[in-house]
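The structure appears below as structure tokens.
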Amino acid sequence: MRAASLLIGSALLTGCGPSASAKVEKATIALRSWKSTLWLAEQEEGRGAIPAKFAEQVRRAAEEEQDKARAERRKAAAE
Amino acid sequence: MELGREVLDQQVIDARGIHMGKVDGVILSLGDGPARVSALVIGGTTLLWRIHAGLARWVERRRGGQGHVDRIPWDQVMKIGVDIKVNFEAERSPALHWERWVRDRIIGRIPGA
Amino acid sequence: MSKLLEIALGLVTGIGGFLEAGSLATAAQAGAAFGFQLIWAIALGTIAIAVLVEMGGRLAAVSQHTLPDAMRERFGIRFFLVPLVAVVVVSFLVLASEVGGVCLALQFTTGISFRWWAVPVAVALWLFLWKGTFGMVEKGASMLGLVTLSFVVGALKLHPPLADVGAGLVPSLPAHDTAQYWFMGVSILGASVSPYLFYFYSAGAVEDGWDESYLGINRVVAGLGMTFGGTIAVAVVACATLVLHSLGIQVDRYEQLPLLLSVPLGLWGFRLFAASLAIACFGAALEIALQLAYLVAQGFGWRWGENVRPREAARFALVYTVALPLAGLLIVTGVDVLKLTIFSMALTALSLPVTVVPLLVLMNDPDYLGDRTNGWLSNGAVLAVCVLACVVALVTIPLKIMGS
Amino acid sequence: MSAPQEIRLERLLGKLVLDAAGWPVGRIEEVLAQPEGDAYLLTHVVIGPDSRLAQWLAAAHQLPTLRALGLSRRPSIRKVPWTWLDLTDPDKPRLHRAVLGDQGGAAH
């Protein structure tokens, strides 16, 4: 109970969260990471190390995460 | 013997080795002669009293009583060690009311139980 | 059964049972983000869990009490409620993470979304507990769990620079993302020092009827089993460092993880990853669900035992019969399994003082252990790790929540 | 008003005890009993510290590590005969005599 109240307390204290520029940087790193993931998955699919069915799942996950990161970056840049 | 440490909250096992529950309460008798231990209590609202007295009182008012309480007279207690062994048949005792209820109403109705 | 065979079986349990959704996800994330830099957290966590597992076994062998049993008897109901609630909440979240891990493994191989697998997986888990025996759950799941050794094979094939792995054993501050670094460190600690491991182990020792003659086996099994298990987690870090970190890939989704093994081992690597994830999480889910039932039943003195028929321990069976579908339902909602897993691990770390300190008090009580009470070294080491984990969790969890 | 015929051990534990002069003595920590014939007769009550902090320090005293670090304190405990206890109102146990100043309060 005491831990929980402390947790909430410190969460309130830190309230505002990371700055806009930090958010932009975080989104940029995520985008770069997903670009590399796609490249690696393509390589692996090309040499038959992962099934096409799975490669498709990676592409879908990448799309979702990239959309999320781009939205984050736009929002942070507008701040 | 330390009653709080060696009796309260200890595991109670019946004559046939069946787990009946923990000692939720101990009754001390003050009348008629010197003060002594008179019974162990398992089940009902006994445990709730120790967690939150107000809640226990409320439940007792709502249900009109202490629920399925089992009082085991002290002379039925056979051995106090790792567990407390009592000379008692657990199967019909109110201490196992909810065990029987769960068995008959839920678990026993699932195939393969 | 000969003692040597018991030791061998115990080691298999330790090795095959160590890796689960939590240790896999945290090790992979840490390796991808910080390379070998967080290996010290795995080492620290492994030492702590080895010491704690040994304590759980010793308590059971010497006093014939399981941990929840002893805690209720020694501290009374009011105090017992605190660790009870903490372990139930944390275990439930970890259980859901494991169910999610099995479902994701099935998604990777079939292409059918993990959400559709949640109910069948929960039912399969329940059937195992309903029909199976303790030996089947413990020995069977961990025997199959040896498949997780494929991470060691994968790591060796990638030729990790051993000097860097060794350097990771010494804590060092990162060049970037200090908050993230500590958060991951604490998640790794939470994943290694899972209370369910030593609660489950102490219940198992009582089910198997251990006495003081098992103390030697107990020490060997706890020490070596957990050390080998920790090695697998280090292997995951190595794979993640060499496959993902080198390309600047951070782990945001479970979908990135099969690449850890497909890169060194090809298509077989992909298959082994899926098998490892499915089996390790399935085994862990069985143990956690069972441990929840043990905890509640032993704490309240109900009849318990995985070797008796469900109707003979009805309330015990009811606990896992309720917990498993609930965990399945959480996965059906489509919750982000990776986030759930990491969060549960950090929460585990946060709850460590509550779950571990009562054990320490018991382990110093001659009423329970006679002259087999703890030495100052194990007391001090475990206490230090728990306090460290809790304090860091207390600081980093809010930062993490605000950051995302 | 006379004392009730029976009381509950679990509700007695943790109760604050006042002495005859109305001063708090501490909280009931334990009740001791001794076999006599078939019965177990109550012999003593153990009264521990009444403040939260003292209770925590006493609990910490069970861990050798904390003891070595000086983060604990040996609890001050009195053991008084059961017959000293006045349970006319079981919710407010009192002692028949004054014990402040430590006369009769034997160390545990």
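The model shown is predicted, which means the values in this text are computed figures rather than measured ones. Computation of the quantities below employed the complete heavy-atom set of this structure, encompassing side-chain atoms and omitting hydrogens, waters and symmetry-equivalent molecules. Proteins get letters first, then strands, A, B, ... in listed order; numbering begins at 1 in each.
For the atom pair C/E73 CD and B/D83 CG, the distance stands at 7.0 Å (nearest 0.5 Å). Residue C/L318 holds its CG atom at 12.0 Å from CH2 of B/W98, rounded to the nearest 0.5 Å.
Only the side chain of C/L81 comes within contact range of chain B, judged by heavy atoms closer than 4.5 Å. The parts of B/I110 that come within reach of chain C are both its backbone and its side chain, each placing non-hydrogen atoms under 4.5 angstrom from that chain. For a residue to count as touching a neighbouring chain, one of its non-hydrogen atoms must lie under 4.5 Å from one of that chain's; by this rule C/D69 touches chain B with backbone and side chain alike.
The shortest non-hydrogen separation linking C/P310 to B/G112 is CD-O, 4.4 Å. Scanning all heavy atoms of the two residues, the minimum distance from C/R72 to B/V23 falls at NH2-O, 4.2 Å.
Each of B/H52, B/R50, B/E99 has some count of heavy-atom pairs under 4.5 Å with chain C, and the biggest count is that of B/E99. Ranked by heavy-atom pairs under 4.5 Å with chain C, the first of B/I106, B/L8, B/I18 is B/I18. Across C/Q298, C/H65, C/R78, C/R303, the residue that shares the most heavy-atom pairs under 4.5 angstrom with chain B is C/R303. Among C/K131, C/R315, C/R309, C/Q64, the residue with the largest count of heavy-atom pairs under 4.5 Å with chain B is C/R315.
The number of heavy atoms from other shown groups lying within 6.0 Å of CZ (C/F128) does not exceed 12.
B/D9 has its side chain out of reach of C/R74: every pair of non-hydrogen atoms, C-beta onward, lies at least 4.5 Å apart. C/I77 is not listed as a side-chain neighbour of B/W49, based on a closest heavy-atom distance of 4.5 Å or more. C/W302 places none of its side-chain heavy atoms less than 4.5 Å from the side chain of B/H19. The side-chain heavy atoms of C/E312 and B/I107, taken from C-beta on, include no pair separated by under 4.5 Å.
The closest donor-acceptor contact from the side chain of C/W130 to the backbone of B/P111 lies under 3.5 Å.
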